[in-house]
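Data first, discussion second: the structure below is written as structure tokens.
Naming convention: chains lettered A, B, ... in sequence-line order (proteins, then strands); numbering from 1 in each chain. In what follows, every heavy atom counts, from backbone to side chain, and hydrogens, waters and symmetry copies are set aside.
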Amino acid sequence: VLAWNTTLSSHLRHGDLREATELFRQIPDTRKNVVTYNTMITGYAQAGQLHLAWQIFDAAPKHSIVSFNAILSGCAMHGDLQSAASLFHRMPAWNTVSSTAMIRVLSSRGRIEEARDVFDSMAEHDSISWGTMIHGYLQSGNLHVARDLFHRLPHKTVTSWTTIMSGHGDRGDMEAAAAIFAAMPEHSLVTCNALIAAYARAGQVDEAKRVFAAMPERSVASCNTIVAAMCGAGEVDEAETVIASMPVVDVISSTAIMSGYARAGHLDRAKSLFDSIPEKNRVSWTAILSATVELGNVEEAKCLFDQMPELDVVAVTALIAAYARAGHIDPALELFLAIPDPDDVSWLAIIHALVENGQIAAARGMLELMPDRSND
RNA sequence: UUCCCGUACUAGGAAU
């Protein structure tokens, strides 16, 4: 069983859900233990296949707290607060993992106070629950509380240092971020990537390049980060040289350089790049969609939209904005009303669309319908 | 030194 379980999780670590499923089927039920089931539950839950995750859960003869946590984390990872909360309250027991997953989903949905309640009610904390709570405060824009918690954190890890460094960078305080970087006892690959990304967001591409050049080792994410930074500064040619030097590229690299071309006005180059991406995902599709929208081509954008294999709120919002800019408020409204769970950006997009088209009363109505996530 | 669950970095949307 041990060998099977190890192979199973190795497939999942490589993102090979098919292979894992195949193996899981081949293992005789009598030879599976609770870990085998839990591993498979995790695989489905992280892939967003909650239904299949529950199927395995129900098929398992025994459950441990890990079985519950695996599903809970899947919900948390996908921002499904409703499912997460109801499972959290139905579980027979909680440990730090359960509470941390709950803190994460609550704070990612703007429920920072409730996240803090969970944190405060925990029997004991570890560096991960601290880090998650700190990250939650940063996401809600509360740098002061985040910093205060960080200072009270008994055992700071490279991860918590990186979290607080990025938090300062997000606020545009690159001096503080750089000071934190210098003060940390050690740097990981992710720490350096985070600093590069922070410099890029602050518009300091040269500093970003300096950090990148000084890195002893680089991951695909490191290269993708600097590629995006260069593209954001309009240096697509230089970004191409980074891409050319990479031993492997992924869908993120391709989408980044494609957007770079699109933003630089080379839509044709962007399109041919798009066609050459083997593993296009929602993000690649939306990127080419909004590049098309940028050029005011609503018909073509709609055509792309209809071809998308899967939609999300980001893609729909891009098309809403396209219609609105062209003065077509009706299809924009229709699209908006079909979104199952509109987020703040899509609400603001439709309200802005109504205002721009002179429908002030309707805009006012929408504004009132918009849920105030900070107060409940 | 011991198979399964939670935290930090990279590509897409509105406004500013």
Side-chain angles (χ1 to χ4, degrees), chain A residues 1-10 12 33-43 45-46 64-74 76-77 95-104 126-136 138 157-167 188-198 200 219-229 231 250-260 281-291 293 312-322 324 343-353:
Chain A
V1 215
L2 214 146
W4 273 325
N5 291 343
T6 310
T7 315
L8 198 57
S9 56
S10 137
L12 292 173
N33 65 13
V34 68
V35 174
T36 321
Y37 285 100
N38 289 345
T39 307
M40 205 58 223
I41 293 172
T42 305
Q46 294 194 347
S64 66
I65 191 163
V66 174
S67 330
F68 289 93
N69 286 343
I71 298 206
L72 182 67
S73 316
M77 185 178 291
N95 61 14
T96 52
V97 174
S98 339
S99 303
T100 303
M102 204 56 214
I103 291 172
R104 174 182 153 99
D126 59 13
S127 69
I128 299 187
S129 48
W130 278 93
T132 307
M133 194 66 246
I134 292 171
H135 190 235
L138 291 172
T157 62
V158 84
T159 299
S160 46
W161 278 100
T162 304
T163 304
I164 200 73
M165 179 191 79
S166 292
S188 70
L189 247 178
V190 172
T191 313
C192 298
N193 297 348
L195 185 62
I196 295 173
S219 63
V220 180
S222 323
C223 298
N224 291 344
T225 308
I226 199 68
V227 164
C231 288
D250 61 13
V251 64
I252 299 185
S253 335
S254 315
T255 306
I257 194 84
M258 180 188 87
S259 307
N281 61 16
R282 292 199 313 269
V283 178
S284 340
W285 275 97
T286 311
I288 198 70
L289 174 75
S290 64
V293 166
D312 64 9
V313 63
V314 177
V316 178
T317 306
L319 192 62
I320 288 177
D343 64 5
D344 290 353
V345 174
S346 51
W347 276 102
L348 292 176
I350 194 66
I351 291 169
H352 184 256

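- Side chain of A/S290 to main chain of A/A287: a donor-acceptor pair is present (N/O by atom type, distance under 3.5 Å, no hydrogens or angles).
- Look at CG on A/L289: it is 14 Å from P on B/rG12, rounded to the nearest Å.
- Nearest to the side chain of A/V190, among B/rG13, B/rC9, B/rG6, sits B/rC9.
- If you check B/rG13, B/rA11, B/rG6 against the side chain of A/S290, the one that comes closest is B/rG13.
- Between atom OG1 of residue A/T191 and atom CE of residue A/M165 there is a gap of 6.0 Å, rounded to the nearest 0.5 Å.
- The residue A/A287 sits close only to the backbone: its heavy atoms come under 4.0 Å of sugar-phosphate atoms, none of a base.
- Under the 3.5 Å distance criterion, the side-chain polar atoms of A/N95 are matched with a main-chain donor or acceptor of A/S98.
- Without hydrogens or angle criteria, A/D312 side chain to A/A315 main chain gives a donor-acceptor distance under 3.5 Å.
- Looking at heavy-atom distances under 4.0 Å, A/S254 makes no contact with the nucleic acid at all.
- Across all strands, A/V313 comes closer than 4.0 Å to base atoms (heavy-atom distances).
- As a whole-Å value, the separation of A/I41 CD1 from B/rG6 P is 13 Å.
- The side chain of A/S166 has B/rA8 as its nearest neighbour among B/rA8, B/rG6, B/rU10.
- Within 4.0 Å of A/N33, counting heavy atoms only, lies no atom of the nucleic acid at all.
- Of the candidates B/rA8, B/rG13, B/rG6, the closest approach to any side-chain atom of A/S188 belongs to B/rA8.
- Atom CD1 of residue A/I164 and atom NE2 of residue A/H135 lie 10.5 Å apart, to the nearest 0.5 angstrom.
- Heavy atoms only, all atoms of each residue included: A/S188 and A/V158 are closest at N-CG2, 3.9 Å.
- At B/rC4, none of the side-chain N or O atoms of A/Q46 fall inside 4.0 Å of OP1 or OP2 (strictly under the cut-off).
- Listed nucleotides B/rG12, B/rC9, B/rG6 differ in distance to A/N193; the shortest reach to its side chain belongs to B/rC9.
- Between the CG atom of A/L12 and the P atom of B/rC3 there is a distance of 15 Å, rounded to whole Å.
- If you check distances only, the side chain of A/D312 does reach the base of B/rG12 with a donor-acceptor pair under 3.5 Å.
- Distance check, rounded to the nearest 0.5 Å: CD1 of A/I103 to CH2 of A/W130 gives 11.0 Å.
- In this entry the distance linking CZ of A/R282 with P of B/rA11 reads 15 Å, nearest Å.
- Following rounding to the nearest Å, A/M77 (CE) and B/rU7 (C1') show an atom-to-atom distance of 11 Å.
- Picking from B/rC3, B/rC9, B/rG6 the nucleotide with the shortest atom distance to the side chain of A/L2 gives B/rC3.
- Listed candidates were B/rC3, B/rG12, B/rU10. Nearest to the side chain of A/V283 is B/rG12.
- Using a 4.0 Å heavy-atom criterion, one finds that A/T163 contacts the sugar-phosphate atoms exclusively.
- At a threshold of 4.0 angstrom between heavy atoms, the contacts of A/T39 are confined to the sugar-phosphate backbone, with no base atom among them.
- Look at A/R104 and you won't find any side-chain N or O under 4.0 angstrom from OP1 or OP2 of B/rC5.
- In this entry the distance linking CG of A/L72 with C1' of B/rC4 reads 15 Å, nearest Å.
- Whole-Å rounding puts the A/I252 CD1 to B/rA11 P distance at 8 Å.
- If you take CD1 on A/I41 and CG on A/L72, they are separated by 12.5 Å, rounding to the nearest 0.5 Å.
- Judged by distance alone, the side chain of A/S284 and the main-chain N or O of A/N281 form a donor-acceptor pair under 3.5 Å.
- Here B/rG13 is the nucleotide among B/rG13, B/rU7, B/rC9 with the atom lying nearest to any side-chain atom of A/V314.
- Picking from B/rC4, B/rG6, B/rA8 the nucleotide with the shortest atom distance to the side chain of A/I128 gives B/rG6.
- For A/D126, the listed nucleotide lying nearest its side chain is B/rG6; candidates were B/rU10, B/rG6, B/rU7.
- Note: CD1 (A/I65) to P (B/rC4) measures 17 Å, nearest angstrom.
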Atom pairs under 3.5 Å: protein N/O with N/O of nucleotides 14-16 of chain B:
unit_1: B/rA14; atom_1: OP1; unit_2: A/R325; atom_2: NH2; d: 3.4

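- At a cut-off of 3.5 angstrom, counting only N and O atoms as typed in the model, there is no donor on one side facing an acceptor on the other between the side-chain of A/N281 and the base of B/rG12.
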